[in-house]
Amino acid sequence: MATDQAKIGYDRGLKCRDQEVDTGDLFSRAKAAGLKVGLGALLILAMAFIALPVASLFLKSPLDAIIMSLHDPMVTDALRLSLMTSALTTATVVVMGTPIAYVHARFHYPGKELADSLIDLPVIMPPAVAGIALLMAFGRMGLLGHYLNALGFSIAFTTLAVIFAQVFVSSPFYIRQARTSFEDIDISLENAARTLGASRTYTFFHVTIPLALNGLISGAIMAFARSLGEFGATVMFAGNLQGRTQTMPLAIYTAMQGDLDVSLCLALILVIISFLVIALVKVLTRRVYKNASN
Amino acid sequence: MLQTDVRKKLRDFDLEVSLSVDDGEILLLVGDNGCGKTTVLNLIAGLMDPDAGTIHQSGRALFDSDLNVNVPPEARNIGYVFQNYALFPHMSVYDNVAFGLRTRKIPAREVDFMVKDSLEAAGLWEIRKARASSISGGQKQRVALARALIIEPEVLLLDEPLSALDVRKQAVMRQELRETIHQCRVPSIIVTHDLRNVACIGDRASLLETGRITLSGPADDAMDWGRGALAEDSARS
């Protein structure tokens, strides 16, 4: 009798435990599903937040008016100036930034930490602050500009000032990427080249640069894109003169107060360029990873 | 003859090495990981600068701290096979081997002739167009050796040349390596932590322990050194 009761009690216990396990399992499954739904919703929300304004730009732009605006001197001037200054900026950043990035990737020198922080500073510095800082340095009454002005050179409010502002804000994007690309190259490859009779310069151009090339191009594209979108520093240091210092972002802002179609036309051009830049960087970085895994 | 007497302060110990290698002789530099073997090769190749000392090759000073002589690596004419082979991954097998000739501005036709000769001798002509990153470990070792030998080096340095190969390939390569190096008739130093390589490849061996050569002798005797810690380590690996 006692044994039977004990058996019944044992069976009940087992059933209870099964039920507990079932409830626990169900709860954890619901939790996992809830988490998935939550994350999915968050992702959709984030996508919509970025995609909606971009899509609206295309959907709210009347095509015929946009095509007409393409012939507007304000658009053509801004497009020409933006492409020209951004190209010159990128060339300057690449020529001056590549040796700096290489030195920082391979050598140590006193004050390197400070130099590193200075190189990165424009990334976190508000563009308007960069603009006023440039004005204080190179403006007519600036620290260096004062002497340059005495010699007959004037930088502020010229096309050169646009390039100065763009170089200031975009150089960290290139230098950081280039430095990482150089650091990723196995130093024994450079050493091997040296033992095979290659000078430092020959090694740099025949071994280091080809191996870092995809990364360098990605960095240059990012710097180009940043230059193309530069607004704050340019308007403060170079002003807003059509054909001389009015780049596309400045023209968008100016046109907004008069002809919205011109503004939309310039915005669409910038969006298309941005898409191309992202696509190019993605393709190139994928090639970098592919090469690295080889 | 290569004569080296160098000192360099390293992070964990002071390296103080004095060694000489005759023309055509293969010296096996044996020692545990981190005892300074690769540093010795880098000092001889000019990839690192000694704090003091001298490095002479056939009477020519490559480094002399007293006379302030320090010939840069590209002017030392030393063939160096790196541990990971250091083949240029963006170049073909052909271009890797031709690299050292092109830096010497040898005419293209002559480069072509010499590279073809070298690749055929090493059995690599068939894969001349392959990317250096896509060939097997054994092929990489052959390419690295061919690349180091084609410049007709005055000294040959090999850093763990067999460590990246599987055991079966190592046995074949030991013999091949010994024959190829002996044909060059230049002083050669091979760094290894594997005592099996010593008797098979080397003529003479030196044991390096925390920056100092503690034992030196004919390669055949080297197996007897290994009664101590080195042999235990080697057996364990």
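Of all non-hydrogen atoms in H206(A) and M91(B), the two that sit nearest each other are O-CE, 3.7 Å. Taking all atoms of both residues into account, the shortest heavy-atom contact from E74(B) to R200(A) is OE2-N, 4.4 Å. Contact between H90(B) and P210(A) at its shortest, heavy atoms only, is CD2-CB, 3.5 Å.
For L143(A), the CG atom sits in a loose shell: 12 or fewer heavy atoms of surrounding residues, nucleotides or ligands are nearer than 6.0 Å. Taking a 6.0 Å sphere around CZ of F153(A), one finds it holds 12 or fewer heavy atoms contributed by other residues, nucleotides or ligands.
For the atom pair CZ of F88(B) and CD of E190(A), the computed distance is 9.5 Å after rounding to the nearest 0.5 Å.
Ranked by heavy-atom pairs shorter than 4.5 Å toward chain B, the options L213(A), V207(A), L189(A) are led by L189(A). Annotation: maximal heavy-atom pairing with chain A below 4.5 Å, among I151(B), L157(B), N84(B), V81(B), occurs at N84(B).
If you measure heavy-atom distances from L101(B) to chain A, you find no contacts under 4.5 Å at all. Using a 4.5 Å cut-off between heavy atoms, I78(B) contacts chain A through its backbone alone, with no side-chain atom that close. With a 4.5 Å cut-off on non-hydrogen atoms, N191(A) touches chain B through its backbone and its side chain both. Neither the backbone nor the side chain of N42(B) comes within contact range of chain A, judged by heavy atoms closer than 4.5 Å. Only the side chain of F82(B) comes within contact range of chain A, judged by heavy atoms closer than 4.5 Å.
Counting only distance, with no hydrogens or angles, the side chain of R104(B) and the backbone of L196(A) share a donor-acceptor pair below 3.5 Å.
A heavy-atom distance below 4.5 Å is found between the side chains of Y202(A) and R102(B). Proximity of S188(A) to Q83(B): side-chain heavy atoms (C-beta onward) are nowhere separated by under 4.5 Å.
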